[in-house]
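Please find one structure pasted underneath; my questions will follow.
Indexing begins at 1, ligand by ligand and atom by atom, following the structure's order. On a predicted model such as this, the values are computed, not experimentally measured, just so you know.
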Amino acid sequence: MTSETDAKQIADAAPRPAAGGRAASAPLLGRATEPTIFELSQPGRRSVQLLTTGVPEWPVDELVPVEHRRDVPVRLAEVSERDLVGHFTRLSHRQFSVDLGAYPLGSCTMKYNPKICDAVAVLPGLAAVHPGAPASLTQGWLSLLVELEEVLCAITGMAAATLQPAAGAAGELTGLLLMRAFHAANGEQRHRVIIPDSAHGTNPASVTLGGYEVTTVPSDERGCVDMGALREVLDTDVAGIMLTNPNTLGLFEEEIAEIAAAVHEVGGLLYYDGANLNAILGVVRPGDMGFDIVHMNLHKTFATPHGGGGPGAGPVAVSERLVDFLPGPRPVRRLGGVSEGNTFSPSEFAWVEPSRSIGRVHSWHGNALVLARALTYILVHGSDGLQRVAERAVLNANWLRVRLAGVFDVPFDRPCMHEVVLSASTLRKEHSVKALDVAKRLLEEGFHSPTVYFPLIVDEALMIEPTETESLQTLEALADALEAIVVEARSGDQSAWAAPRTTPVSRIDEARAARTLVATFDARR
Ligand SMILES: *Cc1c(COP(=O)(O)O)cnc(C)c1O
């Protein structure tokens, strides 16, 4: 597509300002829906009026050559600052967020994120730096990145890490490409990657994207990898195994040392899906369990609000034998000086390209401000604090497990880690109230829903991750609310079928938005 048709398509697709009237005359509160910013638009209205500075304007022809300029101005919403703030404030009141209340969405780690991380991420010295600025001018940023890499390696027990991947799934793909590069360097073409049946959905997707075939191993009756089944599928065609430990049932793989030995024996690598490190921070390290590659979701464990498409970061840490394959360039701490003739003071930090790098997986420094937030979170907690995060996360989940044992079915009744998987199987069979109904009904009580129908191997699964940030009083209120919903259902009350009745939207078709994607809005309709 040429840039001209590009611009035209964008211009055609962009909404036009409303003819006026509709949005302006609607009552502010009690609207069924909030108008779009384009419907609030009034020609000529604006939020800021820049004062002239007296500096002569640069001739626009010199700045943007004629052939690169659009003929028709881009249609942007024209609103006053007051209307702008009102619009987004009203929108923010229409949804649930980690700042509003408990968000026990299992596997997603929706914990409260300390505001100090926001404060650091908006520091102009960090936020206003051009990513293309040379290393000599960005020593502060480079030292931040290097320090973060070092602490992430200390936490995971690995040798080095890349900070580039933009999210967990991007980290997984990076890890699989590293796996591929490692085997290729040994002159080997392996085809299969093993995944347990309880795995997060991104794992098999990443394996396929990485050019491997998925081999699934079943879980045993205790919810862990079935060792016998694993040995049966292991051979020299296996590139590696992807595991989450604690696994997605919230259970610790107790035979991890045996698993590691068996996979290494056939020349395979161990990949650790560390999206949720909450359970093990400062307590046990994937590197010590025998893992070769670890990705972390900084947006889950290390404080960046995520969900709804927010930014993330999925650094990948590796053991010594994979360091040379990492994506480049990598920020490094230079121990020696800088070559003579350098006009700047000797740089302590620099960019280097790993010798056998798989190449870039993100532009520039990765999602740098997410990285800054993560380092802030880690430094504020210190190693003792991080260990307490893990202890509290595990304690909270187990408190709920015991408290809710008589309320729901508990498929794996043994101590869990940072999340607990319950089941509404009996409730559905006896009272036709499903896990989904319970989740929707809970929204009316002021709590976000837990994860439902995952892991796939548990019937009517309700996966609750309270996180360490909720108090005992909040856990009690959450458990009371869940119990009341079940008591209500058992009494024959079918309210849950219609829930949620108090939210801006009730049950929506969850698949339709993805299947019939409408990415633009035309206010002329
Ligand atoms: C969230 C999650 C992922 C995927 O992370 P994204 O940042 O959403 O791509 C992978 N594995 C597990 C276990 C997760 O919980």
Over 60° means perpendicular and under 30° means parallel, so tell me whether Tyr271 and His295 are parallel, tilted or perpendicular.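 Ring orientation, 0 to 90° scale: tilted.
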
Arg180 charged N/C atom sitting above Tyr212 aromatic ring, 6.0 Å / 45°: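 Yes, cation above the ring, under 6.0 Å and within 45°.
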
If the threshold is 4.0 Å, N to carboxylate O, is there a salt bridge linking Glu419 and Arg401? no

For Arg512, what residues pass the salt bridge (charged side-chain N to carboxylate O under 4.0 Å, His left out) criterion, not counting sequence neighbours? none

Contact residues of ligand 1 (heavy atom under 4.0 Å), by chain and number: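 Contacts of ligand 1 under 4.0 Å: Ser107, Ala167, Gly168, Ala169, Glu172, His200, Thr202, Asp273, Ala275, Asn276, Asn297, His299, Lys300.
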
Can you see whether Tyr453 engages Glu460 through a side-chain donor-acceptor pair at a distance of less than 3.5 angstrom? yes

Would you check if there is a donor-acceptor pair between the side chains of Asn276 and Asn297 at a distance under 3.5 Å? no

